[in-house]
Asker: 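The structure's right below; bear with me while I get my questions together.
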Amino acid sequence: MKNHNPFRYFKTSPEVIRLAVMMYVRFPLSLRNVEDLLHERGIDICHETVRYWWNRFGPLFTSEIRKKRIHPSQNYSNWKWHLDEVFVKINGETHYLWRAIDHEGEVLECFVSKRRDRKAAMVFLKKIMKRYGKPREIVTDRLRSYRAAMKAIGNAEVQEVGRWKNNRCENSHLPFRRREQAMLQFRRLRSLQKFVSIHASVYNHFNHERHLNNRETFKLQRNAALVEWRQLSAA
């Protein structure tokens, strides 16, 4: 039985759809910026078409990236986690975006909540541990909700709190902040949760650790990531 082709009823070629979704999610561009860049390439579409494409194909591409992604060994990936939360405005109301990354800067999980209490921290921790298991160390800030949630779960002994220890997670917020500014903030909690999940997977896919590799290795990894992206949802 052949796999279902998600581009079957679309007049636009899959290559253009993949390019539009990649430009919008990967780079801090607005919908109209993507429309203008595609117009410069001779592709005449509306910005609402770009919105529809990323809403339709973004979760699909994210699912394939996670399936095809080669994760390191369990001891490596669960060596150290960095957890932090940022304030996000949705229609003038403050929400909290919880983010977890590993010691190499790869985004593990994102979770949006209305409160920053023990209950939200427990939901966030259980969500990560269900997918990745239990880590050896968890670096957090001095928020008391982390300590209370970890005591309830039973891994309070792995928590580390210290000045400047969580700078890796603090710096990882920057791509999302640039993206949030380009999108003029968010209007619904559901759309925020959907976008940060897609953005995290695409960020991990194109994160080549440029500062750790020489130029030749970086070029090979960048080309490989582009080839894999162009093969997503291929019929």
Side-chain angles (χ1 to χ4, degrees), residues 20-34 37 50 54 58 61-62 65-66 69 72 77 79-113 116 120-121 124-125 127-128 132 135 137-143 145-146 160-189 191-213 215 217-218 221-222 225-226 229:
V21 174
M22 183 189 71
M23 292 172 65
Y24 180 68
V25 179
R26 183 185 177 191
F27 304 107
L29 301 173
S30 66
L31 295 169
R32 288 174 173 81
N33 291 148
V34 177
L37 289 173
V50 181
W54 93 259
F61 294 160
T62 299
I65 288 175
R66 289 179 176 176
R69 189 166 182 81
S77 59
W79 175 39
K80 181 183 290 187
W81 292 353
H82 296 260
L83 310 184
D84 195 26
E85 69 288 339
V86 293
F87 299 88
V88 182
K89 290 285 187 178
I90 302 179
N91 290 330
E93 184 180 355
T94 302
H95 289 70
Y96 303 95
L97 173 61
W98 306 71
R99 300 178 71 254
I101 66 171
D102 65 5
H103 60 284
E104 291 294 341
E106 181 169 329
V107 182
L108 301 176
E109 193 64 62
C110 298
F111 174 67
V112 184
S113 67
R116 194 172 53 156
F124 180 50
L125 287 170
K127 191 175 182 181
I128 311 171
Y132 297 99
E137 299 177 11
I138 300 180
V139 182
T140 68
D141 54 17
R142 299 185 185 276
L143 181 66
S145 301
Y146 288 119
E160 287 191 9
V161 179
R163 192 176 184 183
W164 299 314
K165 280 191 174 183
N166 211 22
N167 283 353
R168 179 173 288 278
C169 195
E170 295 286 350
N171 293 332
S172 74
H173 296 323
L174 298 179
F176 168 75
R177 285 304 192 189
R178 289 193 293 265
R179 205 62 200 79
E180 180 189 21
Q181 185 178 7
M183 297 178 68
L184 302 178
Q185 299 185 349
F186 297 88
R187 294 170 178 81
R188 292 189 305 170
L189 187 148
S191 63
L192 172 59
Q193 180 65 66
K194 180 179 180 180
F195 184 83
V196 294
S197 299
I198 297 173
H199 182 268
S201 294
V202 175
Y203 174 82
N204 292 336
H205 182 73
F206 290 102
N207 183 21
H208 312 299
E209 299 179 348
R210 184 194 296 251
H211 61 290
L212 298 177
N213 300 318
R215 181 64 181 175
T217 303
F218 167 72
Q221 293 179 347
R222 182 173 59 181
L226 284 174
W229 177 267

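This one's a predicted model, so the numbers in the text were calculated from it and none came from an experiment.
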Asker: Look only at the side chain of Asn166 and the backbone of Thr140, and say whether a donor-acceptor pair between them is shorter than 3.5 Å.
Answerer: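 Not a single qualifying donor-acceptor pair exists.
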Asker: To check you understand the geometry: which heavy-atom pair defines the closest contact between Leu143 and Trp98, and what is its length?
Answerer: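 Residues Leu143 and Trp98, closest heavy atoms: CD2-CH2, 4.0 Å.
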Asker: Might you point out which heavy atoms bring Tyr203 and Gly105 nearest each other, and give the distance in Å?
Answerer: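 Between these two residues, the closest heavy atoms are CE2-O, 4.0 Å.
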Asker: Quick check with a 6.0 Å cut-off and a 45 degree axis cone: is Arg26 positioned over the face of Phe206's six-membered ring?
Answerer: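 Checked: cation-pi criterion met.
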Asker: Assess whether atom CZ of Arg32 is packed by more than 12 heavy atoms of other residues, nucleotides or ligands within 6.0 Å.
Answerer: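 It does not: Arg32 CZ has 12 such atoms or fewer within range.
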Asker: Nearest 0.5 Å, please: how far is CZ in Phe186 from NZ in Lys194?
Answerer: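 The CZ atom of Phe186 is 12.5 Å from NZ of Lys194, to the nearest 0.5 Å.
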Asker: May I have the step-by-step check of side-chain contact (heavy atoms from CB on, under 4.5 Å) for Phe111 and Val196, ending in yes or no?
Answerer: CA-CA 8 Å; Phe111 174 67; Val196 294; over 6 Å; no
Asker: For Ile198, is there any backbone N or O sitting under 3.5 Å from a side-chain donor or acceptor partner on Ser201?
Answerer: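 Not a single qualifying donor-acceptor pair exists.
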Asker: Can you tell me how far CD of Gln185 sits from CG of Asn91, rounded to the nearest 0.5 angstrom?
Answerer: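 Going from the CG atom of Asn91 to the CD atom of Gln185 covers 9.0 Å.
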Asker: State, to 0.1 Å, how close Ser30 and Ala182 come at their nearest heavy-atom pair, and which atoms those are.
Answerer: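 Looking at all heavy atoms of both residues, the closest pair is CB-O, 4.0 Å.
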Asker: With a 4.5 Å heavy-atom cut-off, do Leu83 and Asp141 have their side chains touching?
Answerer: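 No, every pair of side-chain atoms sits at 4.5 Å or beyond.
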Asker: If every non-hydrogen atom of Arg188 is compared with every non-hydrogen atom of Ile90, which pair is closest and at what distance?
Answerer: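 Closest heavy-atom pair between Arg188 and Ile90: N-CG2, 3.5 Å.
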Asker: Run the salt bridge (charged side-chain N to carboxylate O under 4.0 Å, His left out) test against Glu160 and tell me which residues pass, sequence neighbours left out.
Answerer: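 Partners of Glu160 under the salt bridge (charged side-chain N to carboxylate O under 4.0 Å, His left out) test: Lys165.
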Asker: Taking the six-membered ring of Tyr24 as reference, does the NZ or CZ atom of Arg179 fall below 6.0 Å from its centre and within a 45° cone about the axis?
Answerer: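 Satisfied, under 6.0 Å and within 45°.
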Asker: What's the verdict on side-chain contact (heavy atoms from CB on, under 4.5 Å) for Tyr146 and Val139, showing C-alpha distance, side-chain angles and the deciding distance?
Answerer: CA-CA 10 Å; Tyr146 288 119; Val139 182; over 6 Å; no
Asker: Quick one about His82 and Asp102 (side-chain donor to acceptor, distance below 3.5 Å, no hydrogens or angles considered), yes or no?
Answerer: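 Side chains of Asp102 and His82: no pair found under 3.5 Å.
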Asker: In Å, rounded to the nearest 0.5 Å, how long is the span from NZ of Lys80 to NE2 of His103?
Answerer: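 Result: 8.5 Å between the selected atoms.
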Asker: Below 6.0 angstrom between ring centroids: does that apply to Phe61 and Trp54?
Answerer: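 Ring-ring flag for Phe61/Trp54: false, centres at least 6.0 Å apart.
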Asker: If you define the side chain from C-beta out and look only at heavy atoms, does anything of Met22 sit under 4.5 Å from Leu226?
Answerer: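 When only atoms from C-beta onward are counted, Leu226 and Met22 do touch, with a gap below 4.5 Å.
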Asker: On the 0 to 90° scale, with breaks at 30° and 60°, tag the Tyr132-Trp81 ring pair as parallel, tilted or perpendicular.
Answerer: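 Aromatic pair Tyr132/Trp81 classed perpendicular.
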Asker: Hey, what do you get for SG (Cys110) to CD (Gln193), rounding to the nearest 0.5 Å?
Answerer: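 The CD atom of Gln193 is 7.5 Å from SG of Cys110, to the nearest 0.5 Å.
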Asker: Atom OG1 in Thr62, atom NE2 in His205: separation rounded to 0.5 Å?
Answerer: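 Nearest 0.5 Å value for the OG1-NE2 distance: 11.0 Å.
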Asker: Quick one: salt bridge (charged side-chain N to carboxylate O under 4.0 Å, His left out) partners of Lys89, sequence neighbours excluded?
Answerer: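 Here no residue qualifies.
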Asker: For Leu97 and Arg99, what are the C-alpha separation, side-chain angles and deciding distance, and is it a side-chain contact (heavy atoms from CB on, under 4.5 Å)?
Answerer: CA-CA 6 Å; Leu97 173 61; Arg99 300 178 71 254; 3.9 Å; yes
Asker: Looking at Arg168 and Glu104, what are the two nearest heavy atoms and their distance?
Answerer: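 Looking at all heavy atoms of both residues, the shortest contact is NH1-C, 3.5 Å.
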Asker: Quick one: pull up CD in Glu93 and CG in Leu189 and give me the separation to the nearest 0.5 Å.
Answerer: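 With rounding to 0.5 Å, CD (Glu93) is 9.0 Å from CG (Leu189).
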Asker: Step by step, would you call Ile101 with Glu106 a side-chain contact (heavy atoms from CB on, under 4.5 Å)?
Answerer: CA-CA 5 Å; Ile101 66 171; Glu106 181 169 329; over 6 Å; no
Asker: Is it the case that atom CD in Gln181 sees more than 12 heavy atoms from other parts of the structure closer than 6.0 Å?
Answerer: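 It does not: Gln181 CD has 12 such atoms or fewer within range.
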Asker: Test of understanding: with salt bridge (charged side-chain N to carboxylate O under 4.0 Å, His left out), list the residues that count as partners of Arg116, not counting sequence neighbours.
Answerer: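 Arg116 satisfies salt bridge (charged side-chain N to carboxylate O under 4.0 Å, His left out) with Glu85 only.
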Asker: Which atom pair, heavy atoms only, marks the closest approach of Met183 to Arg187?
Answerer: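 The pair with the smallest heavy-atom distance is O-NH1, 4.4 Å.
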